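The structure under discussion appears below in the form of structure tokens.
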Protein chains: 2
Amino acid sequence: MKTTNVADSVLKAALDLFSTQGYATTSVQQIVEAAGVTKGAMYHYFQSKDDLLFAIYDRMLSLQKRRLEEIVARGGATTDVLRAVCTDVVETSIDLLPEGTVFFRSMHMLTEPRRKEVTRRRREYHDEFAALVARGQDEGALRTDVPRSVLIAHFFSDVHYLSYWYSPAGPETKTEVAQQLTDLFLRSITVEDR
Amino acid sequence: MKTTNVADSVLKAALDLFSTQGYATTSVQQIVEAAGVTKGAMYHYFQSKDDLLFAIYDRMLSLQKRRLEEIVARGGATTDVLRAVCTDVVETSIDLLPEGTVFFRSMHMLTEPRRKEVTRRRREYHDEFAALVARGQDEGALRTDVPRSVLIAHFFSDVHYLSYWYSPAGPETKTEVAQQLTDLFLRSITVEDR
DNA sequence: CAGGACGTACCGCCCGGTCGGTTTGTTGTC
DNA sequence: GACAACAAACCGACCGGGCGGTACGTCCTG
């Protein structure tokens, strides 16, 4: 409760500054000042500046993974599951917009072991999603004339790009956008029927 | 010819290093060493490290803009023009993959006036593309049940994401990918006919 | 011998990180 | 409940280093 207050406010400040200024151009001094703590306090809870970045990634990756697995576990027709996953990941990504900004912008700044782990966990997510698409293709619901890797990249691109254009202050709510993007995606990857 | 040799090799080295290591984590010393020149020589042709970044952006933006305008100038049915633009920008983006990597990763590192100009020129491109989509909607060829801004973001996301997943060493050629992504995009934004 | 094209030594700054010390909190003892 | 004993939490002055950038000399070309 109290011990986490420092760590929490530091993380919050770091996320805010990293997402607006970038990781490299944000100094530890700025972070602790924004968080209202001292450098000593921060380095008591975190080993390095790198730690802060990784903590942000860790939280985001855990959350996304958990949500994906929950939806898949609920079961249902493949295309329905796919639809649920798509809308959910778009909505979650909008909730985590600052994290997303930092993620794609600063991943290459992580030190080697950590970057490896982030890559590994992203691949896990990717593979689980790919399995879903594969199932859809096997069932004849999804088109096979485009390589699966392209279909998947086509989906992740939307999620990825959100932090570059979406603004909560804009005209569309996150629910609408999630619906619309999912619709666009599914329309493009399903087989032409009737 | 000779005067540009230094500037060229510096820019080439900078692009290479920026795209692999990131802008902030690449020192001017590294760049000049990789380019085989000295710091003095570099600072004779460029005013700052920032200059190098902007030069990369400038080249990329000019090229994309020029290609867009050439295709639009050729005229034709709106959907055909749109298709041509899409495949072309995907192909060009693949040709400029390192530039794209640097672009989306380090744009926020540009100093204020330059970032403003980059934003302005991107908006120019965006607006021209948006006009094309609007024309398609007016003609009844493109769907209007999804906000135009979402349709456009949906397209740019594919282009944007290329530098994160596409590899020339991979199984798909740039021509194939361009065709496939264009197909996915157009399928999702055209009205259901038949 | 003038002036652009460089080479080199150097500067001030600020960064991430440290470290000895102080405060605050917890526990055990009588 | 007073207090010693100890640990965890926290402070902030300080450090070495590497950064972007510069000053100035030198060389080459016309």
Side-chain angles (χ1 to χ4, degrees), chain A residues 1-58 102 105-115, chain B residues 1-58 102 105-115:
Chain A
M1 0 236 110
K2 292 189 72 173
T3 58
T4 52
N5 260 347
V6 170
D8 273 359
S9 56
V10 166
L11 273 183
K12 198 171 283 189
L15 173 61
D16 182 44
L17 289 167
F18 288 168
S19 66
T20 53
Q21 307 184 353
Y23 174 77
T25 42
T26 300
S27 70
V28 173
Q29 202 58 241
Q30 279 183 280
I31 297 172
V32 296
E33 272 169 24
V37 303
T38 61
K39 231 188 204 185
M42 193 219 95
Y43 273 101
H44 181 73
Y45 291 97
F46 300 95
Q47 288 192 11
S48 62
K49 188 187 177 188
D50 192 68
D51 249 27
L52 296 176
L53 191 57
F54 184 73
I56 294 172
Y57 286 10
D58 183 47
V102 177
R105 211 184 245 170
S106 306
M107 191 162 42
H108 61 291
M109 300 271 197
L110 274 177
T111 51
E112 188 54 36
R114 259 109 183 244
R115 191 169 62 234
Chain B
M1 357 248 111
K2 289 189 74 175
T3 59
T4 53
N5 259 347
V6 169
D8 273 358
S9 56
V10 166
L11 273 183
K12 196 170 286 188
L15 173 61
D16 182 44
L17 289 167
F18 288 169
S19 66
T20 53
Q21 308 184 352
Y23 174 76
T25 42
T26 300
S27 70
V28 173
Q29 202 60 242
Q30 280 182 280
I31 297 172
V32 296
E33 273 169 22
V37 304
T38 61
K39 235 188 200 185
M42 193 219 95
Y43 273 100
H44 182 73
Y45 290 98
F46 300 94
Q47 287 191 12
S48 62
K49 190 187 174 187
D50 194 69
D51 250 26
L52 296 176
L53 191 56
F54 184 73
I56 293 173
Y57 286 9
D58 182 47
V102 177
R105 212 186 246 170
S106 307
M107 190 161 44
H108 61 290
M109 301 270 197
L110 274 177
T111 52
E112 189 54 36
R114 258 111 182 243
R115 191 170 60 235

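For the numbers below, each heavy atom of this structure counts, side chains included, while hydrogens, waters and symmetry mates do not. Convention: sequence-line order gives letters A, B, ...; per-chain numbering from 1. The structure presented is a predicted model; accordingly, all values stated were derived computationally and were not measured.
- Using a 4.0 Å cut-off on heavy atoms, none of the residues of residues 107-114 of chain A approach DNA chain D.
- The two residues A:Ala24 and A:Lys49 come nearest to each other via the heavy atoms O-NZ, 4.0 Å.
- What separates CG of B:Leu53 from C1' of D:dG20 is a distance of 15 Å, to the nearest Å.
- The side chain of A:Lys39 sits closest to C:dT18 out of C:dT8, C:dT18, D:dC10.
- When rounded to the nearest whole Å, the span between CG of B:Asp50 and P of D:dG20 equals 12 Å.
- Rounded to whole Å, atom C1' of D:dT22 lies 13 Å from atom CD of B:Gln47.
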Chi angles and distances behind the side chain to side chain donor-acceptor pair (under 3.5 Å) call for A:His108, B:Arg105: CA-CA 9 Å; A:His108 61 291; B:Arg105 212 186 246 170; 3.1 Å; yes

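- Between A:His44 and D:dC10, a side-chain N or O to OP1/OP2 separation shorter than 4.0 Å is absent.
- Remark: P of C:dG17 and CD of A:Gln29 are 13 Å apart, rounded to the nearest angstrom.
- Atom-to-atom, CD of A:Glu33 to P of C:dG16 comes out at 12 Å; the value is rounded to the nearest Å.
- Atom OG1 of B:Thr26 is separated from atom CG of B:Leu53 by 10.5 Å, given to the nearest 0.5 angstrom.
- Rounding to whole angstrom units, CE of residue A:Met42 and C1' of C:dC15 are separated by 13 Å.
- Tested against A:Tyr23 for a ring-ring contact (aromatic ring centres under 6.0 Å, His included), the candidates A:Phe18, A:Phe54, A:Tyr57 yield a single pass: A:Phe18.
- Ranked by how close their nearest DNA chain C nucleotide is to the 5' end, A:Gly40 and A:Val28 are led by A:Val28.
- A sub-4.0 Å separation between OP1 or OP2 of D:dC10 and a side-chain N or O of A:Tyr45 is present.
- When each of C:dG17, D:dT22, C:dC15 is scored by its nearest atom to the side-chain atoms of B:Tyr43, the top-ranked nucleotide is D:dT22.
- Nucleic acid contact class of B:Thr25 (heavy atoms, under 4.0 Å, all strands): none.
- Between A:Ser48 and B:Ala41, the residue anchored closer to the 5' end of DNA chain C is B:Ala41, taking for each the nucleotide with the nearest heavy atom.
- Taking atom CG of residue A:Asp51 and atom P of nucleotide C:dG16, one finds them 14 Å apart after rounding to whole Å.
- More than 12 heavy atoms of other residues, nucleotides or ligands sit less than 6.0 Å from atom CD of A:Glu112.
- Put simply, CZ on A:Phe46 is 14 Å from C1' on D:dA9, counting in whole angstrom units.
- Side chain of A:Asp50 to main chain of A:Leu110: no donor-acceptor pair is present (N/O by atom type, distance under 3.5 Å, no hydrogens or angles).
- Within 4.0 Å (heavy atoms only), B:Thr38 reaches at least one base atom of the nucleic acid.
- No side-chain donor-acceptor contact under 3.5 Å links A:Ser106 to the backbone of A:Met109.
- Picking from C:dG17, C:dA5, D:dC10 the nucleotide with the shortest atom distance to the side chain of A:Lys49 gives C:dG17.
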